Amino acid sequence: MTSEVLEKDQNLSEVLFKPTRKTKETSFVANSAPEDPSVTENYWYRHCHLPYAGWLGLNLIEVKSALSRIAASPNRRTRPHALDTVYEYGPGNWVYEFSMLGVRYSEMGEKAAQAENREEAFKNFRLAELYFLAASYPYMVNDDLAQQSLCQHYRYYRRAAQFASGDFEEIRFKVKEAEAIAFIHTPDKNAVCPYVMIFSNYQNLCTEYLRYYNDYLRPLGIAMVALDLPGVGLSGKVKFSPHLGKVHEAALDYILNHVLYLDHHNMGILAQRMGCIAALQLMISMGSHVRAACMVSPLVDEFLMSKALAKAPPMMRDVIANRMNGDSSLWDNLIPLLQAYSVKKQGILSGFSTDIQMQVMWSKADFFCSKADMKLTAGVSRKSEIVEVAGDSGTEIFEKAMHNSVAFFKKNLL
């Protein structure tokens, strides 16, 4: 990169992001506790899942270079041994390093669009939105600097969708007093297609499923409806509450009344972790419209009722505390509130049974998904199958789960 282009990127980045010293650094947004004085070794506050980043489509050489700049930064860190907690927005700051990459590819995308090179435009806008997504990770509410990156992520996700194969539509709908958004990707608006609705987890956003759609669903002629759980991402304005399924229920109601190119009697569910709570709630309230449900590593009861979460990495506890508008340094105060999200505690499964085709996937390597939660979820349907996914690495397990889910939807939606 020439110095002229680099200077231009920096200038644009300064326009997009205007942090002040009042802005909290990410690791303090939901955890007011200072770093444990017993910590003497360097570590990453954020989970750096490089294989998953590569699967999404990020350039791992660029990602590793950004991580190296972050780790080597001499600038002040809010948590001295947490490498990715550089406070000032500039070199070495997590949001800055990944946003700069996003800016670079957004400009390349605009040039390709002006040249009417659709393939190149999609490629670069896709990379831009992924780097802005990485900059905003782990998507905490009230993380002002990261939220600005998230806005840019959605901007370039929409730009990428304009140049992608098939059709794209954004729908807005009310969830009581708030508004939520869903992205619909379909192979062809002129044909009525079966579709899969995404119930993402609180550690990821629904926009991360674009490759899943492009590589697996679209070639089969299956559409995808991507939306987030309450309190995060596209549903950030909706209050986080034990009724996690309210956004998806409102979205489905909107689809049934306004979206004619989706097959209203041929809907699939892909739910992950706490997203399975929302999926179960929708199956109870609007299950007549659901033909097949794939539940991956469900966290619906035991995980919420036990003390296992107290042993989870700090970032994971912080993310959950953030959704609950709480402070993870006061975890004992949050435990009773978190238990209200248990489907068993809610009593919603009592006496409920369905004939919806269901696949429940789990892995022994998953620290959080218990056999009890897996069996509780599978017990909802008289036509359920439990699939244990095994592999020598997390990447292999992930890829097997993807292929299993696609085979399941191919069998039951087509």
Side-chain angles (χ1 to χ4, degrees), residues 9 12-20 22-30 45-49 52-53 56-58 63 66 70 84-86 89 93-107 109 124-161 168 170-172 175 178-183 198 200-211 226-240 247 275 315-316 318-323 325:
D9 280 353
L12 178 55
S13 184
E14 288 168 3
V15 171
L16 295 175
F17 307 101
K18 299 177 180 179
T20 68
K22 294 181 181 179
T23 302
K24 286 185 178 181
E25 187 273 317
T26 301
S27 69
F28 275 93
V29 169
Y45 171 74
R46 295 168 179 83
H47 303 163
C48 303
H49 299 300
Y52 179 64
L56 285 176
L58 288 165
V63 172
I70 293 169
D84 51 325
T85 62
V86 170
Y89 182 76
N93 174 272
W94 178 281
V95 179
Y96 173 88
E97 293 292 351
F98 285 103
S99 293
M100 289 293 288
L101 291 168
V103 168
R104 179 195 304 176
Y105 282 102
S106 68
E107 292 187 338
N124 287 300
F125 284 136
R126 174 74 171 133
L127 280 167
E129 63 96 353
L130 285 173
Y131 279 122
F132 280 120
L133 179 72
S136 64
Y137 180 70
Y139 329 123
M140 291 201 195
V141 180
N142 298 322
D143 188 348
D144 297 334
L145 191 55
Q147 285 293 315
Q148 293 181 59
S149 289
L150 191 59
C151 289
Q152 295 303 310
H153 160 66
Y154 290 127
R155 175 185 177 184
Y156 290 107
Y157 185 96
R158 294 178 176 101
R159 289 291 279 146
F168 170 76
E170 177 180 339
I171 61 173
R172 295 172 180 265
V175 185
E179 182 182 68
I181 299 171
F183 292 150
I198 301 299
S200 58
N201 186 34
Y202 278 113
Q203 278 71 54
N204 69 324
L205 299 182
C206 68
T207 49
E208 295 177 33
Y209 291 80
L210 181 57
R211 182 181 174 186
L227 65 163
D228 290 307
L229 298 179
V232 65
L234 298 175
S235 304
K237 296 179 181 178
V238 182
K239 184 179 179 181
F240 180 78
V247 174
M315 191 202 79
M316 185 174 186
D318 291 353
V319 167
I320 293 177
N322 179 250
R323 307 307 180 224
N325 195 30

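None of these values were measured; they are calculated from a predicted model. Every heavy atom of this structure was used, including side-chain atoms; hydrogens, water molecules and symmetry mates were not.
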Engineer: Identify the two heavy atoms, one from L229 and one from S200, that lie closest to each other, and give their separation to 0.1 Å.
Structural biologist: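 L229 and S200 have their closest heavy atoms at CD1-O, 3.2 Å.
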Engineer: Under 6.0 Å between ring centres, would you say that holds for F132 and Y105?
Structural biologist: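 Ring centroids of F132 and Y105 are no less than 6.0 Å from each other.
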Engineer: How many angstroms lie between atom OH of Y156 and atom CG of L130, to the nearest 0.5 angstrom?
Structural biologist: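 That separation rounds to 14.0 Å.
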Engineer: Would you indicate whether the side-chain heavy atoms of L210 and Y157 approach each other to under 4.5 Å?
Structural biologist: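 When only atoms from C-beta onward are counted, L210 and Y157 do touch, with a gap below 4.5 Å.
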Engineer: Which value, rounded to the nearest 0.5 Å, describes the distance between C206 atom SG and F183 atom CZ?
Structural biologist: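 C206 SG to F183 CZ: 7.0 Å, rounded to 0.5 Å.
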Engineer: Can you measure from CE (M316) to CD (Q203) and round to the nearest 0.5 angstrom?
Structural biologist: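 One finds 4.5 Å between CE of M316 and CD of Q203.
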Engineer: Would you check if there is a donor-acceptor pair between the side chains of H153 and T207 at a distance under 3.5 Å?
Structural biologist: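 Yes, side-chain donor-acceptor contact under 3.5 Å.
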Engineer: Please determine, by modelled atom types, if T85 and S27 share a side-chain donor-acceptor pair under 3.5 angstrom.
Structural biologist: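 No donor-acceptor contact under 3.5 Å links the two side chains.
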Engineer: Could you tell me whether the side chains of S106 and R159 share a donor-acceptor contact shorter than 3.5 Å?
Structural biologist: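 Their side chains do not contain a donor-acceptor pair, so the 3.5 Å distance test is not met.
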Engineer: Identify the two heavy atoms, one from L127 and one from L58, that lie closest to each other, and give their separation to 0.1 Å.
Structural biologist: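 It is CD2-CA, 4.3 Å.
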Engineer: Would you say V247 and L227 make side-chain contact, with heavy atoms under 4.5 Å?
Structural biologist: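 Heavy-atom side-chain distance check passes, below 4.5 Å.
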Engineer: Would Y139 and Y202 count as a close aromatic pair, with their ring centres under 6.0 Å?
Structural biologist: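 Here the rings of Y202 and Y139 have centres that are no less than 6.0 Å from each other.
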Engineer: Decide, yes or no, whether a salt bridge links R126 with E129 under the criterion of side-chain N to carboxylate O below 4.0 Å.
Structural biologist: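 Between E129 and R126 there is a salt bridge, with a charged N closer than 4.0 Å to a carboxylate O.
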Engineer: Under a 4.5 Å cut-off applied to non-hydrogen side-chain atoms, are R46 and T26 in contact?
Structural biologist: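 A side-chain contact exists here, since the closest heavy-atom pair is under 4.5 Å.
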Engineer: Kindly compute the distance separating CG (L205) from CG (L234), expressed to the nearest 0.5 Å.
Structural biologist: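 The distance works out to 7.5 Å.
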Engineer: Give the ring-plane orientation class for Y137 versus W94, where under 30° counts as parallel, over 60° as perpendicular and anything between as tilted.
Structural biologist: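 Geometry flag for W94 against Y137: tilted rings.
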Engineer: Write down the atom of M140, the atom of R323, and the distance for their closest heavy-atom approach.
Structural biologist: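 For M140 versus R323, the nearest heavy atoms are CA-NH1, 3.7 Å.
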Engineer: So Y131 and V103, side-chain contact (heavy atoms from CB on, under 4.5 Å) or not? Walk me through it.
Structural biologist: CA-CA 9 Å; Y131 279 122; V103 168; over 6 Å; no
Engineer: For the backbone of A128 and the side chain of Q152, can you confirm whether one donor and one acceptor N or O come within less than 3.5 Å of each other?
Structural biologist: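 No.
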Engineer: If you take all heavy atoms of D318 and A30, which pair is closest and at what distance?
Structural biologist: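 Where D318 meets A30 most closely, the heavy atoms are O-CB, 3.3 Å.
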Engineer: Just so I know, are the side chains of Y89 and S99 near enough to count as touching, which here means a heavy-atom distance under 4.5 Å?
Structural biologist: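 Yes, close enough: below the 4.5 Å cut-off.
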Engineer: Whether the side chain of N201 engages the backbone of N204 through a donor-acceptor N/O pair (distance < 3.5 Å, no angle test) should be reported.
Structural biologist: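 The answer is no, because no donor-acceptor pair under 3.5 Å joins these two groups.
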Engineer: Can you check whether L133 reaches Y154 side chain to side chain, under 4.5 Å on heavy atoms?
Structural biologist: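 No, side chains not in contact.
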Engineer: Determine whether a donor-acceptor pair (N or O, by modelled atom type, separation under 3.5 Å) exists between the side chain of D228 and the backbone of S235.
Structural biologist: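 Here the side-chain-to-backbone pair does not exist.
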Engineer: Between CG of D84 and CD of E97, what distance do you get to the nearest 0.5 Å?
Structural biologist: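 Taking CG in D84 and CD in E97, the distance rounds to 12.0 Å.
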Engineer: Would you say that R211 contacts L56 through its side chain, given a criterion of any heavy-atom pair below 4.5 Å between the two side chains?
Structural biologist: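 The answer is no, as the side chains (C-beta and beyond) never meet within the 4.5 Å cut-off.
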Engineer: Evaluate side-chain contact (heavy atoms from CB on, under 4.5 Å) for I70 paired with F98, printing each intermediate quantity in order.
Structural biologist: CA-CA 10 Å; I70 293 169; F98 285 103; 4.0 Å; yes
Engineer: List the steps, then state whether side-chain contact (heavy atoms from CB on, under 4.5 Å) holds for V232 with V141.
Structural biologist: CA-CA 7 Å; V232 65; V141 180; 5.7 Å; no
Engineer: Can you name the nearest heavy-atom pair linking V86 to N93, along with the distance?
Structural biologist: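 Taking V86 first and N93 second, the nearest heavy atoms are O-ND2, 2.9 Å.
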Engineer: Rounded to the nearest 0.5 Å, what separation is found between the NZ atom of K24 and the CG atom of L145?
Structural biologist: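 It is 14.5 Å, given to the nearest 0.5 Å.
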